[in-house]
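Got a structure for you, written out below as structure tokens; questions coming shortly.
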Amino acid sequence: MEKIWKEIPQPYTQFRDYSMLTNDLIGQERRLKYSTPMGRTYGFLSTNSYPELLRKHKALGDIAITDSEIATVEQWAKNLDAITIKQYQTTDAKEQEKIVKAFSNSVLDKRATAIIGREDIAKMLKDETPLLEVYYAQHIADSMGCSQQQKDVIISKALLQMLERLAVPLNSYGLDLAEHCISSEVLREKVLAEHRKYLSLQNRDITASLKTAPQDMSDGEKLLRHILEPYKGKLVLLDVWGTWCAPCKEALAHSKEEFERLAPYDVVYLYMASNSPEESWKNIIKLNDLVGDNIAHYNLPAPQQSAIENYLNIRSFPSYRLFDKEGNLVDVKVDARQLDNLEKIIKELNR
């Protein structure tokens, strides 16, 4: 497949089959070179890239670290990768816990975490980690002998996918990558335009729609009833979503139509984000204009969110639930993406 791909004559175009082939090759190489087996699937440990990032930023003079310390982190990353594989090779929970505990109590773990926990290094790793997928694509494009045209497309796509996934503007490292590694002015401007889109959201105030819950409540049913209490006398449509969930974000993009259609019924929209970084969460709310007197957003701590999801038996995202004017869960299947059916149900309940 690589031979066929390399022999495609220039000038390159982004017709469907070429684009799919490029994505598949990059994805396969990424999996082979950078992934860690995790049971029946695989994952990507950012810690595997720490030694390379440390060397890069030592050379740039951004961080203070010795070669010996980098070697310590490199050995730690290799061991962590190995114990992650070992952990997923057993289904015994006690054995998994034993493996993790032994590693976390090791001298190597303590030394390495002390090094990467230093202020300058921790900040660099935090800022660089979101770009790892882009670096993977860039390195693979280089190793496969891509032309600059191909690299421009591959890096641009990776940056655009990162921007869409995280919903935050590029940091200084991302901007540097876009400015210096994309030679095409058109593609570079496309990336920077998306960056500016998220940058423009930062000063918008949405605090009136953001809610919090008592931290001492852990029972899912009681916590949900507490959240619903202020909306007694109105129908409440609950939307459980996540910033990492593409179908969730696609549905949120059509919220204006939903609000307009259901406006006659005085519905309260209750949004609960699952496992979502705060900045990304807020930016998606701003991007889709999900604010108003009848809109409330929660981004609860993971244990509280899990308790509510378990109580409501939520296993997929986005998930929707409808509550009547007394705060009781209505025993019907609802989906905000199926507006005709949703409006019909709400109309019946409003009689």
Side-chain angles (χ1 to χ4, degrees), residues 25-36 42-82 84 108-163 165-166 168-184 187-188 191-192 194-195 198-199 277 279-280:
L25 283 172
I26 293 290
Q28 176 70 358
E29 288 295 302
R30 171 176 163 272
R31 187 160 54 251
L32 290 172
K33 291 181 178 179
Y34 300 106
S35 72
T36 296
Y42 59 89
F44 296 84
L45 299 181
S46 60
T47 46
N48 287 339
S49 297
Y50 283 6
E52 182 182 349
L53 292 173
L54 292 171
R55 291 189 185 97
K56 169 186 168 182
H57 286 277
K58 180 190 177 185
L60 291 171
D62 296 340
I63 58 172
I65 191 168
T66 66
D67 289 338
S68 174
E69 287 174 326
I70 293 175
T72 297
V73 173
E74 188 163 32
Q75 186 59 55
W76 170 80
K78 287 178 181 177
N79 287 13
L80 180 58
D81 191 69
T84 300
L108 178 63
D109 182 65
K110 288 179 170 56
R111 285 178 180 171
T113 52
I115 293 167
I116 62 177
R118 296 205 300 248
E119 187 176 358
D120 59 337
I121 295 175
K123 183 182 184 308
M124 178 276 290
L125 292 174
K126 180 182 177 183
D127 290 344
E128 282 278 38
T129 297
L131 288 160
L132 288 179
E133 295 285 344
V134 186
Y135 292 144
Y136 294 159
Q138 184 183 28
H139 294 165
I140 292 165
D142 286 337
S143 71
M144 291 171 62
C146 292
S147 69
Q148 187 58 49
Q149 282 181 311
Q150 291 169 303
K151 288 180 187 178
D152 283 351
V153 172
I154 289 167
I155 294 170
S156 297
K157 279 186 174 181
L159 280 168
L160 289 168
Q161 287 168 355
M162 185 198 77
L163 281 164
R165 184 177 72 254
L166 300 180
V168 296
L170 295 172
N171 58 31
S172 59
Y173 299 139
L175 284 171
D176 185 69
L177 191 62
E179 292 283 2
H180 296 102
C181 296
I182 303 174
S183 63
S184 165
L187 292 176
R188 191 187 323 117
V191 171
L192 294 177
E194 283 296 293
H195 160 73
Y198 290 109
L199 197 63
E279 188 179 2
S280 301

query = Do Met124 and Leu53 have side-chain heavy atoms sitting under 4.5 Å apart?
reply =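 The answer is yes; the side chains approach within 4.5 Å.
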message = Students often mix this up, so state it plainly: with edges at 30° and 60°, are the rings of Tyr50 and Trp76 parallel, tilted or perpendicular?
response =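 The rings of Tyr50 and Trp76 lie parallel, inter-plane angle below 30°.
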query = How about Asn79 and Gln75: does a side-chain donor come under 3.5 Å of a side-chain acceptor?
reply = yes
ask   = Is there a side-chain contact between Leu177 and Tyr135 (heavy atoms, below 4.5 Å)?
value = yes
Nearest heavy atoms of Ala64 and Ile121, plus distance in Å = O-CD1, 4.2 Å
remark   = Correct closest heavy-atom pair for Leu192 and Ala178 would be CD2-CB, 4.3 Å
query = Passes side chain to side chain contact (heavy atoms under 4.5 Å, CB included), Glu179 versus Asp176? Steps please.
reply = CA-CA 5 Å; Glu179 292 283 2; Asp176 185 69; 5.7 Å; no
key: Within-4.5 Å side-chain heavy-atom neighbours: Met162 and Glu133   = no
ask   = About how many Å separate CG of Leu131 and CG of Leu170, when rounded to the nearest 0.5 Å?
value =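 Atom-to-atom, Leu170:CG and Leu131:CG are 7.5 Å apart.
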query = Distance only, no hydrogens: is a donor on one side chain within 3.5 Å (strictly under) of an acceptor on the other, for Thr66 and Lys58?
reply =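 No, no side-chain donor-acceptor contact under 3.5 Å.
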query = Tell me, do Val73 and Leu54 make a side-chain contact under 4.5 Å, heavy atoms counted?
reply = yes
query = Is it true that atom CZ of Arg111 has more than 12 heavy atoms of other residues, nucleotides or ligands lying nearer than 6.0 Å?
reply = no
key: Residue from Leu187, Leu160, Ile182 passing side chain to side chain contact (heavy atoms under 4.5 Å, CB included) with Ile155   = Ile182
query = Of all heavy-atom pairs between Thr113 and Lys110, which one has the smallest distance, and what is that distance?
reply =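 Nearest pair, atom of Thr113 first, then Lys110: OG1-O, 3.2 Å.
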task = Calculate, to the nearest 0.5 Å, the distance between atoms CD1 and CG belonging to Ile154 and Asp142 respectively.
result = 9.5 Å
query = For Glu29, does the CD atom sit with more than 12 other heavy atoms under 6.0 Å from it, leaving out its own atoms?
reply = yes
ask   = Would you call Arg118 and Glu69 a salt bridge, using N to O less than 4.0 angstrom?
value =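 Yes, Arg118 and Glu69 are salt-bridged.
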ask   = Quick one: CD1 on Ile63 to NZ on Lys123, what's the gap to the nearest 0.5 Å?
value =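 Between atom CD1 of Ile63 and atom NZ of Lys123 there are 12.5 Å.
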key: Donor-acceptor under 3.5 Å (Gln28 side chain, Leu25 main chain)   =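 Looks like no, no N/O pair under 3.5 Å.
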query = Going from CG on Leu45 to CG on Asp81, what distance comes out if it is rounded to the nearest 0.5 angstrom?
reply = 5.5 Å
ask   = Rounded to the nearest 0.5 Å, how far apart are CG of Asp62 and CD of Glu128?
value = 9.0 Å
Non-hydrogen side-chain atoms of Arg30 and Ser35 separated by less than 4.5 Å =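 Sidechains of Ser35 and Arg30: no contact.
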message = For Tyr198 and Val168: C-alpha separation, side-chain torsions, deciding distance, then whether side chain to side chain contact (heavy atoms under 4.5 Å, CB included) applies.
response = CA-CA 6 Å; Tyr198 290 109; Val168 296; 5.7 Å; no
request  = Decide side chain to side chain contact (heavy atoms under 4.5 Å, CB included) for Val134 and Gln138; before the verdict, give the C-alpha distance in whole Å, the side-chain angles of both, and the deciding distance to 0.1 Å.
outcome  = CA-CA 6 Å; Val134 186; Gln138 184 183 28; 5.5 Å; no
Residue pair Tyr34 / Asn48: nearest heavy atoms and the distance that separates them =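 Heavy atoms of Tyr34 and Asn48 come nearest at O-ND2, 4.4 Å.
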ask   = Which of parallel (below 30°), tilted (30 to 60°) and perpendicular (above 60°) describes Tyr42 and Phe44?
value = perpendicular
ask   = Which heavy atom in Cys146 sits nearest to a heavy atom in Lys151, and how many Å separate them?
value =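 Smallest interatomic distance, heavy atoms only, reads O-CE, 3.5 Å.
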task = Side-chain contact test, heavy atoms from C-beta onward, threshold under 4.5 Å: evaluate it for Leu175 versus His195 and give yes or no.
result = yes
remark   = Rounded to the nearest 0.5 Å, the CG atom of Leu159 sits from the SG atom of Cys181 at a distance of 9.0 Å
ask   = Would the number of heavy atoms belonging to other residues, nucleotides or ligands and lying under 6.0 Å from NZ of Lys33 be above 12?
value = yes
ask   = Do any N or O atoms from the side chain of Asp152 and from the backbone of Ser184 form a donor-acceptor pair under 3.5 angstrom?
value =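 Yes, Asp152 side chain to Ser184 backbone: donor-acceptor pair under 3.5 Å.
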request  = Heavy atoms only: give me the nearest Glu74-Pro51 pair and the separation to one decimal.
outcome  = CA-CG, 3.6 Å
